[in-house]
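Read the structure below first, then the notes.
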Amino acid sequence: MSAKEKTTGFLAEFRKFIARGNVMDLAVGVIIGGAFKAITDSLVNDIFNPILGIFAGGNEALAALSIHLPGGGDLMIGNFINAVLNFFIMAFVVFCIVKVFNRLYQKEQAAPAPPPAPPAEEVLLTEIRDLLKEKN
């Protein structure tokens, strides 16, 4: 087997893998998640940060909140609080999305399709059987 056949087989297999619906759904989810992360970062940095900074003292953004260490350097508590807020907002949104999808999935499961009608021959045979029972 030549190197070209291996490459073609590998590329064909990769193309088949990428064309699956689940992979495309995952890719769309990752892209939308990245865009939503930017919105969440802005919400925390531009809205929550200044408001919480008022309560943290100094009337500056919460991200600037730090504790100076005796050996030098700072413990950036504000940045950590921002990361925790981002996480909780993202986790809440994902929870809400999963909850909606689960509810939709349960509705699909709860309403099964009615059984198909029996074929005409079966209906006729059942009627004949019932008529014979009545005569005997």
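As the structure is a prediction and not an experimental result, all values here were calculated from the model.
Under a hydrophobic clustering in which Ile, Leu, Val, Met, Phe, Trp and Tyr are joined whenever their side-chain heavy atoms come within less than 4.5 Å, directly or via other members, Ile81 and Leu43 fall into the same cluster. Both Phe87 and Val84 belong to a common hydrophobic cluster when Ile, Leu, Val, Met, Phe, Trp and Tyr are linked at side-chain heavy-atom distances under 4.5 angstrom. Under the 4.5 Å side-chain heavy-atom criterion for Ile, Leu, Val, Met, Phe, Trp and Tyr, Leu52 and Ile67 are members of the same hydrophobic cluster. In the hydrophobic clustering of this structure, Phe88 does not group with Phe95; members are Ile, Leu, Val, Met, Phe, Trp, Tyr whose side-chain heavy atoms approach within less than 4.5 Å, directly or through other members.
In this structure, Thr126 OG1 and Leu131 CG are separated by 11.0 Å, a value rounded to the nearest 0.5 Å. Taken from CZ in Phe101 to CD in Gln106, the straight-line distance is 14.0 Å, to the nearest 0.5 Å. The CD atom of Glu122 sits 11.5 Å away from atom CD of Glu127, with the distance rounded to the nearest 0.5 Å. Atom CG of Leu132 sits about 7.5 Å away from atom CD1 of Ile128, to the nearest 0.5 Å. To the nearest 0.5 Å, the span separating CG on Asn45 from CG on Leu85 amounts to 9.5 Å.
Across all their heavy atoms, Asn49 and Asn82 have their closest contact at ND2-ND2, 3.1 Å. Among all heavy-atom pairs drawn from Lys37 and Met90, the shortest one is CA-SD, 4.2 Å. Across all non-hydrogen atoms, the minimal contact from His68 to Gly73 is ND1-O, 3.4 Å. Heavy atoms only, all atoms of each residue included: Val123 and Pro118 are closest at CG2-CG, 3.9 Å.
Counting heavy atoms from C-beta on, the side chains of Ile89 and Phe48 come closer than 4.5 Å. Contact check for Leu75 versus Ser66: no side-chain heavy atoms found under the 4.5 Å cut-off. For the pair Val94 and Val98, the minimum side-chain heavy-atom distance is below 4.5 Å.
Judged by distance alone, with hydrogens and angles left aside, the side-chain atoms of Ser42 form no donor-acceptor pair with the main-chain N or O of Ala38 at under 3.5 Å.
Remark: of the listed residues Asp41, Val93, Ile31, Val93 is the sole one forming a side-chain contact (heavy atoms from CB on, under 4.5 Å) with Phe36.
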